[in-house]
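Report on the structure given below.
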Amino acid sequence: MSPVASERPSLIVVAGRPGAGKGTQCARIAAEVSAAHLSLGDALRQHVARGTPLGLEVRPFVDAGRLVPDRFALDLIDAQLERERAPMVLLDGFPRNLAQAEALECRQPGAVSLAVLLAVPLTTVAERLRSRGRPDDGEPTLRERFASFEHDTKPMLTWYERRGSLVVIDADQPHGDVTVAVKALLARSHTNHRHPATALGRPAAGSSLFSR
Ligand code: AMP
């Protein structure tokens with residue numbers, strides 16, 4: 001690895017449908033290992049709440065449960081990664097579609113060491129979301145956000161899978177157990193940075209968890 005490349009953090013893409021536990025898991029893991037947690041959704045919500053020029057632009061998309069235009073997502077992530085000094089960064093909810101994944105790969109070739117899908121069935125996330133009460137968790141916004149996962153994010157996951165970077169974690173279990181599973185994955189992928197999914201082997205239930 002070149003000296004320049006080794007200064008860049010290793011990026012872990014964390015994906016999952018609404019209610020899969022992306023934010024919860026990233027926060028827990030970042031608190032326990034040397035990793036930073038970047039949540040694009042949180043950053044966007046802060047802009048919306050503060051009424052910044054960006055917030056005003058993206059608000060209609062966030063309120064409708066649709067992805068904000070890629071250029072906003074990419075600019076925000078660029079600015080956040082620029083400031084980042086941690087050796088590992090957990091990207092919570094970014095990239096969210098194929099165009100963003102390709103743009104990230106173009107800007108930071110080889111930086112994504114792993115894409116982790118937190119897989120949960122719809123019945124479980126429906127229960128979790130009922131108790132969460134976030135403004136964009138109401139109908140019909142939520143329906144749009146689920147649709148976006150199917151139409152925008154799944155093709156991106158297939159792209160990471162073809163590159164040998166995707167690992168599916170069964171997130172239909174208590175948060176603590178999921179945290180243990182993801183931390184074990186990160187520890188093992190650290191020892192085989194180049195081909196994490198190949199080194200780990202896909203979980204036996206991986207493809208069925210992915211498609212349900
Ligand atoms: P999240 O907190 O990750 O569920 O994101 C909340 C909302 O922020 C989403 O419904 C989108 O409107 C927006 N958002 C978050 N991440 C992205 C992204 N990578 N690209 C576009 N919009 C995003």
Side-chain angles (χ1 to χ4, degrees), residues 11-30 36-82 84 89-108 111-112 115-120 122 124-160 165-166 171 175 178 182:
L11 305 180
I12 310 293
V13 172
V14 181
R17 49 165 61 103
K22 299 185 293 293
T24 303
Q25 292 305 329
C26 288
R28 281 169 166 250
I29 292 159
H37 170 198
L38 295 189
S39 163
L40 197 66
D42 282 349
L44 288 167
R45 275 187 289 279
Q46 282 168 19
H47 276 278
V48 169
R50 297 204 321 261
T52 66
L54 174 64
L56 295 176
E57 293 239 41
V58 299
R59 181 172 192 159
F61 297 92
V62 175
D63 283 352
R66 291 180 15 231
L67 295 187
V68 308
D70 291 338
R71 67 179 192 283
F72 295 131
L74 288 162
D75 284 353
L76 258 185
I77 279 293
D78 268 355
Q80 293 190 321
L81 285 177
E82 185 92 352
E84 206 40 72
V89 176
L90 305 171
L91 293 177
D92 168 2
F94 177 89
R96 200 89 151 215
N97 63 20
L98 191 51
Q100 292 178 8
E102 287 176 339
L104 178 63
E105 186 56 31
C106 190
R107 289 166 191 218
Q108 306 223 17
V112 173
V116 180
L117 169 62
L118 300 178
V120 270
L122 280 168
T124 303
V125 290
E127 261 168 51
R128 286 185 189 171
L129 290 169
R130 252 196 297 276
S131 60
R132 194 164 76 168
R134 218 171 72 181
D136 60 346
D137 280 348
E139 294 276 355
T141 306
L142 200 49
R143 202 175 311 127
E144 279 293 331
R145 291 169 58 219
F146 278 115
S148 169
F149 179 75
E150 297 298 322
H151 298 135
D152 301 315
T153 307
K154 277 194 173 174
M156 175 197 89
L157 294 170
T158 302
W159 186 79
Y160 279 121
S165 307
L166 182 71
H175 285 317
V178 178
V182 177

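Starting from 1, each residue takes its place in the sequence as its number. These numbers come from the heavy atoms of this one structure, side chains and all, not from hydrogens, waters or symmetry mates. Whatever order the structure lists them in is the order used to number ligands and atoms, beginning at 1.
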TODO: Any chance you could measure L54, atom CG, to D75, atom CG, to the nearest 0.5 Å?
DONE: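 One finds 8.5 Å between CG of L54 and CG of D75.
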
TODO: Taking the side chain as every heavy atom from C-beta outward, state whether L44 and F61 have any atom pair closer than 4.5 Å.
DONE: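 A side-chain contact under 4.5 Å is absent here.
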
- [ ] Flag the pair Y160 / L117 as yes when at least one side-chain heavy-atom distance between them is below 4.5 Å, and no otherwise.
- [x]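 Contact flag for Y160/L117 side chains = no.
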
In terms of atom number and element, which parts of ligand 1 are under 4.0 angstrom from non-hydrogen atoms of [X]?
X	result
A73	20 (N)
R145	4 (O), 10 (O)
G93	16 (N), 17 (C), 18 (C), 19 (N)

Task: Candidate with minimal heavy-atom separation from atom 15 (C) of ligand 1, of R134, Q100, R96 - done: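 Considering heavy atoms of R134, Q100, R96, the nearest to atom 15 (C) of ligand 1 sits in R96.
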
[atom] - nearest protein heavy atom and its distance:
atom	result
atom 18 (C) of ligand 1	L40 CD2, 3.5 Å
atom 6 (C) of ligand 1	R45 NH1, 3.4 Å
atom 23 (C) of ligand 1	L44 CD1, 3.9 Å

Open item on the list: Geometry only, no angles: is R66 polar-contacting ligand 1 at N/O separations under 3.5 Å?
Closed with: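 Between R66 and ligand 1, an N or O pair is found under 3.5 Å apart.
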
TODO: Specify side chain, backbone, both or neither for V68, according to which of its non-hydrogen atoms lie closer than 4.0 Å to ligand 1.
DONE: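 Near ligand 1, V68 shows its backbone as well as its side chain.
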
- [ ] Step through the shown structure and confirm whether more than 12 heavy atoms of other residues, nucleotides or ligands are within 6.0 Å of CD on E139.
- [x]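 More than 12 heavy atoms, drawn from other residues, nucleotides or ligands, come within 6.0 Å of this atom.
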
Open item on the list: Show the nearest heavy-atom pair for residues R128 and G19, with the distance to one decimal.
Closed with: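 Closest pair (atom of R128, atom of G19, distance): NH1-O, 3.1 Å.
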
Task: Shortest non-hydrogen contact between A64 and T141, atoms and distance - done: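 Shortest heavy-atom contact: C-CG2, 3.7 Å.
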
- [ ] Keeping the roles fixed (side chain from K22, backbone from V14), state whether a donor-acceptor pair exists under 3.5 Å.
- [x]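 No, K22 side chain to V14 backbone: no donor-acceptor pair under 3.5 Å.
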
